[in-house]
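Convention: sequence-line order gives letters A, B, ...; per-chain numbering from 1.
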Number of protein chains: 2
Amino acid sequence: MSAKISDVAKKAGVSTATVSRIINNLSGFSEETKIRVEEAIRELGYKPNAVARGLVSARTHTIGVLLPCLSSRYSSQLIHGIETEAHRRGYSVIICNTDRNGERTLEYLRILSEKRVEGIIFASEWVKEEYGRYMLDLSIPVVLVSTYSDHFPFPYVRVDDKQAAYTSFKYLLDKGHRKIGFISGTSDDPVAGAPRIEGYRKALAEYDQSFDEKLLVYGDFHFESGASGMEVLWNENKDLTAVFASSDEMALGALTFLHGKGVNIPGDISVMGYDDTLDAVMAVPALTTLHQPVEEMGICAMGLLLEGDDSNSIIMKHWVKERNSVREL
Amino acid sequence: MSAKISDVAKKAGVSTATVSRIINNLSGFSEETKIRVEEAIRELGYKPNAVARGLVSARTHTIGVLLPCLSSRYSSQLIHGIETEAHRRGYSVIICNTDRNGERTLEYLRILSEKRVEGIIFASEWVKEEYGRYMLDLSIPVVLVSTYSDHFPFPYVRVDDKQAAYTSFKYLLDKGHRKIGFISGTSDDPVAGAPRIEGYRKALAEYDQSFDEKLLVYGDFHFESGASGMEVLWNENKDLTAVFASSDEMALGALTFLHGKGVNIPGDISVMGYDDTLDAVMAVPALTTLHQPVEEMGICAMGLLLEGDDSNSIIMKHWVKERNSVREL
DNA sequence: TTGAAAGCGCTAACAG
DNA sequence: CTGTTAGCGCTTTCAA
């Protein structure tokens, strides 16, 4: 754990330059010396010091990922995708939980920049002015996941939220549902809130349904808010036939609330989620949900980060994944 | 993003040594120069290069976490705990998904050691001889989570698996259950398999119940295996009153299978899980489960890593978290 | 209170 | 094919 290149060089009777050439697989050494050096390396248990290497090469083979939350399924599946691809390409990933906290986010950004990461993946949060400026100043690649920015030229990987919500509601409407509750992100959320509400209104309009405020409640994408949102919908609307939640987790919250009321799903009320995380698979009944390819988005983001330019944004395909929580009327 | 300490020094009209003293909050400079230097830093947007710092100080303020899986709730809650505490203490965390693959694990170990991480948290997997030797050679702190080693002197943070299983079965037996199915990890798993089976047998013996092979099936802690394990139990035992699964995820699998058979839970069959992750909270019905403080274990592991010695292992308390999936007979 | 200079472990010209 | 040497950006004696 402490042999250095000079120790290897001494032991093998060559210069550090030669050792360097050999461990970096460059040209310019005989097979003979190579063998001798490799033996010295083995005997000394030499491991190149990536810190020293990083200093001279200005490369760290490390990237940073900023997420608003670490314990949601969405996050863990995204991280899984990112980590898999990063490792495949020879990169390590440092995870940072911003907790949706501005100071914390900027602090992480500072740390990552001091550590000279070669790229940053920024996920599921709005790029505030200060974040964007900071990242721009870093002049390293940045890729946005499940978010976008109109102020900053960062490429993104996401699904078209408006279109996805539209697809979802159209699906429910086509199944004959007319009284559809919507547990949405708040309308001041420019990523997963407002656009999906737009999609909702668009579908409604297309089916000549008027917009009914009572059918729209707001949550924070987590379980509890799904349950409490469902409670409000339940109390205010006695003739609901379906509910769409803007995350699988909120859909599960709704499921739990309805189950408590003795409601049969999908017999009495249909429930639909958004994301298609493992949560949807594991729900009872298994959740019909708007599929977005979360892990794949992580993989793509990593790809973009390393070889994309600012114009390489990707809109991923989405679709309705049918399971057992929605019935046709 | 490219100003270096010498630029700051030049701009402030001092030496790099003085700038270094100031940014490191050492002593030996006047308030006056401090102000001048800080202004230069601000104007240049200078950020200390952590790579260079790491080279001279031999400190990277980074640790590595090795996990067999990134997408389980268990993992994400553990990571959450670790990351929170790491950040609080000024450390970054590199995550590594070993995928239960030996080569991959050793490769990660090599990468982490080359990157000179200051510690390693190794979670939820048996410490094979080669892993242990490698980590020992690194001579940096290693902490085990939800595992232990009899060959290597690494401290661990975990619950007593045998005792926890015993507690769980005793709980079910006390509720009047006698025909209890067990979806377990395999008996060649020295961490979450064999010990829990021992606890199972101990509880059985205490209640004068004979061990019935038909009641014991094996899974891999994931959803699917819970469902298929439940199917076997279901086919082989017509008089089951309860099922205990060695992870919440497998319990959810069992739940889904039983639901498909029209079984009422806990009316017809009680189901109990292990872990008390968010999955248990979100299940329908909410899962009664053996609680282990997953996030807290992450926090403790991080603490141990930084200030423990090899004799500081921690056995965390466990208990039965009662919810709605078990009934009294 | 300050600066000069050596060196952390490695890479990359440039010679030979 | 191989060695010498000059840094990479920073910290840290040692002197002043």
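Among C/dT2, C/dC8, D/dT5, the nucleotide with an atom closest to any side-chain atom of A/Thr16 is D/dT5. Nearest nucleotide to the B/Ala17 side chain, out of D/dT2, D/dT12, D/dC10: D/dT12. Which of C/dA5, D/dC10, C/dC10 sits closest to the side chain of B/Asn49 comes down to D/dC10. For B/Ser20, taking side-chain heavy atoms from C-beta onward, the closest of the listed nucleotides C/dC10, D/dT11, C/dA4 is D/dT11. If you check D/dC10, C/dG3, C/dA12 against the side chain of B/Tyr46, the one that comes closest is D/dC10.
Among the atoms of the strands shown, only primed sugar atoms or phosphate atoms (P, OP1, OP2) are found under 4.0 Å from some heavy atom of A/Thr18. In this structure, A/Ser57 reaches neither bases nor backbone, as no heavy-atom distance under 4.0 Å exists between it and the strands shown. Residue contacts shown for B/Thr33 are limited to sugar-phosphate atoms, with no base heavy atom under 4.0 Å away. Note on B/Val14: only backbone sugar-phosphate atoms sit closer than 4.0 angstrom, heavy atoms only; bases stay farther off.
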Worked check of side chain to side chain contact (heavy atoms under 4.5 Å, CB included) between A/Glu307 and A/Arg89: CA-CA 11 Å; A/Glu307 55 201 30; A/Arg89 292 172 178 258; 3.3 Å; yes
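Spacing between atom CZ of A/Arg36 and atom C1' of D/dG3 amounts to 14 Å, rounded to whole angstrom units. Note: CD1 (B/Ile41) to C1' (D/dC10) measures 13 Å, nearest angstrom. When the C1' atom of C/dT11 is taken as reference, atom NZ of A/Lys4 falls 16 Å away, rounded to whole Å. In this structure, A/Ile5 places its CD1 atom 14 Å from C1' of D/dT2, rounding to the nearest Å.
Distances shown here put a side-chain N or O of A/Asn24 below 4.0 Å from the OP1 or OP2 atom of C/dT11. Within the structure, a side-chain polar atom (N or O) of B/Ser30 is placed less than 4.0 Å from OP1 or OP2 of C/dT2.
A side-chain N or O of B/Tyr74 and one of B/Ser146 form a donor-acceptor pair less than 3.5 Å apart.
Counting heavy atoms of neighbouring residues, nucleotides and ligands inside a 6.0 Å radius, atom CD of B/Glu103 does not exceed 12 of them.
Scanning all heavy atoms of the two residues, the minimum distance from A/Thr60 to A/Arg116 falls at OG1-O, 2.7 Å.
Of the two residues contacting DNA chain D, namely B/Ser6 and A/Arg21, the nearest-nucleotide position lying further toward the 5' end is that of A/Arg21.
Taking the six-membered ring for Trp and thresholds of 30 and 60 degrees, A/Phe122 and A/Tyr131 have ring planes inclined between 30 and 60 degrees apart.
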